[in-house]
Amino acid sequence: MNAAPHAWTCPGPASPGCASGIPEGVEALILDFDGTVADTTPGHERALRAALRPHGVDLDPHWYRRHVGLSIHDLVAALPGGERLPHEEIIQRSRAHLLSHVRTITPFGCVLGLLRAARRARLPCAVASGASRLLVGPGLRALGLEREFATVVTREDVPHGKPAPDLYLAAAHRLGVPRGACLAVDDAPEGVASARAAGMRVLTVVDGHLAPTGAQGTDAVVGDTAGAEARRSADTAS
């Protein structure tokens, strides 16, 4: 029998990083899923490590954390020696591992507090995730959040993943809200770069709490080439 969706509580406005309201001028909220809405990063790392193990590859945790915002396809392609690996087999193994544990994922209370504040203010909300719909959909259902979002944009829906702005631009377009009036929240450097290139106001997530972008070197990890490519994509989409 399936477990019930996880209950959540936001620690409240007195706790650092917990929002009590929506900033002035914001007309929509767009959230990344993995590592932002849900604390899934350790599980994704374990799943990829397990999928790589039969091929004699030991996933470097420091390397993984530097690339955590990439889609699974881009992660496998970027792995040192990744060109010699059977990409689709590894991806399928990793996804199967994640789906078998989807009911164990937990949400970040502070991020969900911001989501609830947006919903109380009757603002449209969206997910913009670099992951596959095969994983994001079950994750939202496991948390009981599938009805909270007007639209969910995943990697299959756009030509380019993060740090290109495509995912966030597509979410804003579907919501019918100007990109400059959207507040984006993303935990990964590539995701922050994506939202910034889309012309949005951006918050990040540090240790489960909301923080201004740039906290703990968030922006410095993204290289100039990725940022330039993202800006060009945003200009083209404008």
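Just so you know, these numbers come straight off a predicted model, no measurement behind them.
Residues Val127 and Leu175 are members of separate hydrophobic clusters, defined by side-chain heavy-atom contacts under 4.5 angstrom among Ile, Leu, Val, Met, Phe, Trp and Tyr. No single ILVMFWY cluster, assembled from side-chain heavy atoms under 4.5 Å apart, contains both Val158 and Val192. The hydrophobic cluster containing Leu183 also contains Phe149, counting ILVMFWY residues as joined when their side-chain heavy atoms lie under 4.5 angstrom apart, directly or transitively. Residues Leu140 and Leu167 are members of separate hydrophobic clusters, defined by side-chain heavy-atom contacts under 4.5 angstrom among Ile, Leu, Val, Met, Phe, Trp and Tyr.
Annotation for Ala131 and Thr154: closest pair O-CB, 3.3 Å, computed over non-hydrogen atoms. The two residues Cys110 and His209 come nearest to each other via the heavy atoms SG-ND1, 3.4 Å. Contact between Glu27 and Pro178 at its shortest, heavy atoms only, is OE1-CD, 4.0 Å. The minimum heavy-atom distance between Ala38 and Ile105, with the atom names listed, is CB-CD1, 4.3 Å. Across Val136 and Ser129, no two heavy atoms sit closer than the pair CG2-OG, 3.4 Å. The minimum heavy-atom distance linking Ala51 with Arg93 is given by the pair CB-CB, 3.7 Å.
Between Arg133 and Asp157, the closest side-chain pair of non-hydrogen atoms falls below 4.5 Å. Within the 4.5 Å cutoff, side-chain heavy atoms of Glu89 are placed close to those of His55. Residues Asp186 and Lys162 have side chains in contact (heavy-atom distance under 4.5 Å, counting atoms from C-beta outward). Contact check for Cys125 versus Arg119: side-chain heavy atoms found under the 4.5 Å cut-off.
Connectivity analysis of hydrophobic side chains (ILVMFWY, heavy atoms under 4.5 Å, direct or indirect) links Leu134 to nothing; its cluster partners are none. Residue Leu70 belongs to a hydrophobic cluster whose other members are Leu48, Leu52, Val57, Leu59, Trp63, Tyr64, Val68, Ile72, Leu75, Val76, Leu79, Leu85, Ile90, Ile91, with links defined by side-chain heavy atoms closer than 4.5 Å. Here Leu135 is tied into one hydrophobic group with Leu98, Leu99, each link being a pair of ILVMFWY side chains closer than 4.5 Å.
Looking at residues two or more places apart in sequence or on another chain, you find no ring-ring contact (aromatic ring centres under 6.0 Å, His included) involving His44. Residues that satisfy the side-chain hydrogen bond (donor to acceptor under 3.5 Å, both in side chains) test with Ser94, not counting sequence neighbours, are absent from this structure. Taking His73 as the reference, nothing meets the side-chain hydrogen bond (donor to acceptor under 3.5 Å, both in side chains) condition, with sequence neighbours excluded.
Using a distance-only test at 3.5 Å, with no hydrogens or angles considered, no donor-acceptor pair links the side chain of Thr40 to the main chain of Gly43. Formation of a donor-acceptor pair under 3.5 Å by the Thr213 side chain with backbone atoms of Leu203 is not found in this model. In this structure a side-chain-to-backbone donor-acceptor pair under 3.5 Å is present from Thr36 to Asp187. When atom types are taken as modelled, the side chain of Ser194 and the backbone of Ala164 share a donor-acceptor pair closer than 3.5 angstrom.
Applying the 6.0 Å contact sphere to NE2 of His97 captures more than 12 heavy atoms from other residues, nucleotides or ligands.
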Would you check, one step at a time, whether the test side chain to side chain contact (heavy atoms under 4.5 Å, CB included) holds for Asp58 with Arg49?
CA-CA 7 Å; Asp58 185 18; Arg49 177 171 286 107; 4.1 Å; yes
Determine whether Tyr168 and Asp32 satisfy the following criterion, side chain to side chain contact (heavy atoms under 4.5 Å, CB included), listing intermediate values before the conclusion.
CA-CA 9 Å; Tyr168 281 106; Asp32 174 49; 3.9 Å; yes
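The OG1 atom of Thr204 sits 9.0 Å away from atom CG of Leu210, with the distance rounded to the nearest 0.5 Å. From Leu114, atom CG reaches atom CG of Leu112 across 9.5 Å, with rounding to the nearest 0.5 Å. Taking CZ of Arg116 as the reference point, atom CD of Glu148 lies at 4.0 Å (rounded to 0.5 Å). Distance check, rounded to the nearest 0.5 Å: CZ of Phe33 to CG of Leu145 gives 7.5 Å. For the atom pair Asp34 CG and Ser71 OG, the distance stands at 11.5 Å (nearest 0.5 Å). For the atom pair CG of Asp60 and CZ of Arg66, the computed distance is 6.5 Å after rounding to the nearest 0.5 Å.
Residue Pro124 is tested with Val177, Leu29, Ile30 for a side chain to side chain contact (heavy atoms under 4.5 Å, CB included); the sole match is Val177.
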